[in-house]
Amino acid sequence: MIQEREVSERPPEPEATRRAAGVTESARANRGWWDRNADEYQVEHGTFLGDDRFVWCPEGLDEVEAELLGPAEELKGKDVLEIGAGAAQCSRWLAAQGARPVALDLSHRQLQHALRIGGSFPLVCADAAVLPFADGSFDLACSAYGALPFVADPRLVLREVRRVLRPGGRFVFSVTHPIRWAFPDEPGPEGLSVSASYFDRTPYVEQDEEGRAVYVEHHRTLGDRVRDVVTSGFRLVDLVEPEWPDWNTSEWGGWSPLRGHLIPGTAIFVCVRD
């Protein structure tokens, strides 16, 4: 009877739906989701990410090879803001190159994992749409799947990043490739058939029994992303679509070798503040 009661008291699985979700609801839902799931996320993906690697995406593109922020030897002495840092693996790599990173995340629990792993750089718990830094505080900014996929208005984040960058500063961010929204989020063959309109920008929402969002992800088309970058005052200098490498045999959610060899999974935007 005790076991039955414990099972019955477990909260029901959230309902997955597509519906509108604004700035405040999205931020509140995703802060709670990452706080609740940070432990599982680090257990599941920590080995792939490493403690002090800079991996841009599930494809495994490494900043050591990509140099999207610039040559490693030129990072020394640079002030760098990492947005959506999680356990701050990227910041730890940047610090090893002689940069001065600041790791920012909406989730307090994710930053506790950053503390657990260690590092001498600042950790900041804050919303990327309201950055707690003075104008022109950083030379570079980066975000590996952090913040941008989860905010209702990415222009709020982009404008804040531009504000805290110095003239000539570079912002590089990776997000789910927009084309992936037309396909089911499945790593196997069922994830290779179009099931939705690429042009349907309705957010993906997981909600509880009372209809409160507990997770929100927002879709932007490739054109939307480019316009967001440009209208926020950046110059887009590169758009990288990493190909799936033969060495990577792992699956990460809907990312897999099967899909990765056929359709892009990640889009990386390289932007400059003139």
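Ion pairing of R19 with E25 is present here, as a side-chain N (NZ or NE/NH1/NH2) and a carboxylate O approach within less than 4.0 Å. Look at D228 and R220 and you find a salt bridge, because one of the NZ, NE, NH1 or NH2 atoms lies within 4.0 Å of a carboxylate O, short of that distance. Ion pair E160/R163 flagged as a salt bridge, since at least one NZ, NE, NH1 or NH2 atom sits closer than 4.0 Å to an Asp/Glu carboxylate oxygen. With respect to the salt-bridge test (charged N to carboxylate O, under 4.0 angstrom), the residues R201 and D224 qualify.
Residues V161 and F234 have side chains in contact (heavy-atom distance under 4.5 Å, counting atoms from C-beta outward). You'll find the side chain of R273 reaches within 4.5 Å of the side chain of P167, heavy atoms only. Residues C142 and E82 have side chains in contact (heavy-atom distance under 4.5 Å, counting atoms from C-beta outward). Inter-residue side-chain proximity for F269 and L148 is flagged as unmet; no heavy-atom pair is nearer than 4.5 Å. Proximity of H108 to C125: side-chain heavy atoms (C-beta onward) are separated by under 4.5 Å at one or more points. With contacts defined as side-chain heavy-atom distances shorter than 4.5 Å, the pair Y215/P14 does not qualify. Residues L104 and F133 have side chains in contact (heavy-atom distance under 4.5 Å, counting atoms from C-beta outward). Residues H219 and Y204 are not in side-chain contact: their nearest non-hydrogen atoms beyond the backbone lie 4.5 Å or more apart.
Using modelled atom types and a 3.5 Å distance limit, the side chains of R109 and Q112 yield a donor-acceptor pair. Inspection of the Q110 and Q42 side chains reveals an N or O donor paired with an N or O acceptor under 3.5 Å. D153 and H218 form no side-chain donor-acceptor contact under 3.5 Å, judged by distance and modelled atom types alone. Defined by atom type and a distance below 3.5 Å, a donor-acceptor pair is present between the side-chain atoms of Y145 and T266. Side-chain polar atoms of R180 and H177 form no donor-acceptor pair below 3.5 angstrom.
Shown here are the salt bridge (charged side-chain N to carboxylate O under 4.0 Å, His left out) partners of E63, two or more places apart in sequence or in another chain: there are none. Taking the salt bridge (charged side-chain N to carboxylate O under 4.0 Å, His left out) definition, one finds that D62 meets it with R53, sequence neighbours left out.
Judged by distance alone, the side chain of R36 and the main-chain N or O of G32 form a donor-acceptor pair under 3.5 Å. Checking side-chain atoms of S143 against main-chain N and O of I83 turns up a donor-acceptor pair under 3.5 Å. Checking side-chain atoms of S137 against main-chain N and O of A134 turns up a donor-acceptor pair under 3.5 Å. Not a single donor-acceptor pair under 3.5 Å links the side chain of R92 to the backbone N or O of G119. Side-chain atoms of D135 do not come within 3.5 Å of backbone N or O of V164 as any donor-acceptor pair. A donor-acceptor pair under 3.5 Å is absent between the side-chain atoms of R162 and the main chain of V157, judged by distance alone. Looking at R166, its side chain does come within 3.5 Å of a backbone N or O of G136 through a donor-acceptor pair. The main-chain N or O of K76 is never found under 3.5 Å from a side-chain atom of Q97 such that the two would form a donor-acceptor pair. Looking only at distances, no side-chain donor or acceptor of N37 sits under 3.5 Å from a matching main-chain atom of E40.
Shortest non-hydrogen contact noted between W181 and T202 is CZ3-O, 4.3 Å. Here the closest heavy-atom approach between residue N248 and residue P58 is recorded as ND2-O, 2.9 Å. Contact record, S174 with A144: OG-CA, 3.2 Å, taken as the closest heavy-atom pair. Across every non-hydrogen atom of L239 and A267, the tightest pair is CD1-CB, 4.1 Å. Smallest separation of non-hydrogen atoms from D139 and G77: OD2-O, 4.4 Å. For the residue pair P122 and P101, the shortest heavy atom distance occurs at CD-O, 3.4 Å.
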Check against side-chain contact (heavy atoms from CB on, under 4.5 Å), T221 and Y198: CA-CA 7 Å; T221 67; Y198 169 75; 3.4 Å; yes
Pair V216-W33, side-chain contact (heavy atoms from CB on, under 4.5 Å): steps then yes or no: CA-CA 9 Å; V216 182; W33 192 92; over 6 Å; no
V214 vs Q207, side-chain contact (heavy atoms from CB on, under 4.5 Å): CA-CA, chis, key distance, verdict: CA-CA 5 Å; V214 296; Q207 58 188 18; 5.7 Å; no
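Put simply, L131 and F171 are part of the same group of oily side chains (I, L, V, M, F, W, Y) that touch within less than 4.5 Å, one to the next. F150 and L158 are members of different hydrophobic clusters when ILVMFWY side chains are connected at heavy-atom separations under 4.5 Å. Criterion: ILVMFWY side-chain heavy atoms under 4.5 Å apart, direct or through other members. Under it, L156 and V130 are not part of a common hydrophobic cluster. A chain of hydrophobic side-chain contacts below 4.5 Å, direct or via other Ile, Leu, Val, Met, Phe, Trp or Tyr residues, connects L222 to V229. V175 and I263 end up in the same hydrophobic cluster when Ile, Leu, Val, Met, Phe, Trp and Tyr side chains are linked at under 4.5 Å.
The number of heavy-atom neighbours closer than 6.0 Å to CG of D246, taken from other residues, nucleotides and ligands shown, is 12 or below. For E243, the CD atom sits in a loose shell: 12 or fewer heavy atoms of surrounding residues, nucleotides or ligands are nearer than 6.0 Å. Within 6.0 Å of atom CD in E209, 12 or fewer heavy atoms from other residues, nucleotides or ligands are found, so the atom counts as exposed in its surroundings.
F173 contributes atom CZ, which lies 5.0 Å from atom SG of C271 (distance to the nearest 0.5 angstrom). One distance of note links OG1 of T249 with CH2 of W247; it measures 8.5 Å at 0.5 Å rounding. S250 contributes atom OG, which lies 9.5 Å from atom NE2 of H45 (distance to the nearest 0.5 angstrom). Rounded to the nearest 0.5 Å, atoms CD (E186) and OG (S195) are 9.5 Å apart. Put simply, OG on S91 and CD1 on I117 are 11.5 Å apart, with the number rounded to the nearest 0.5 Å. Here the OG atom belonging to S232 is positioned 12.5 Å from the CZ atom belonging to R227, to the nearest 0.5 angstrom.
Taking Ile, Leu, Val, Met, Phe, Trp and Tyr as members and joining any whose side-chain heavy atoms lie under 4.5 Å apart, directly or through other members, the hydrophobic cluster of V172 also contains F54, W56, L61, V64, L68, L69, L75, V80, W93, L94, L140, V237, V240, I268, V270, V272.
Taking the six-membered ring where the residue is Trp, the centroids of F48 and W252 are separated by under 6.0 Å. Side-chain rings of Y41 and W34 approach one another, their centers coming within less than 6.0 Å.
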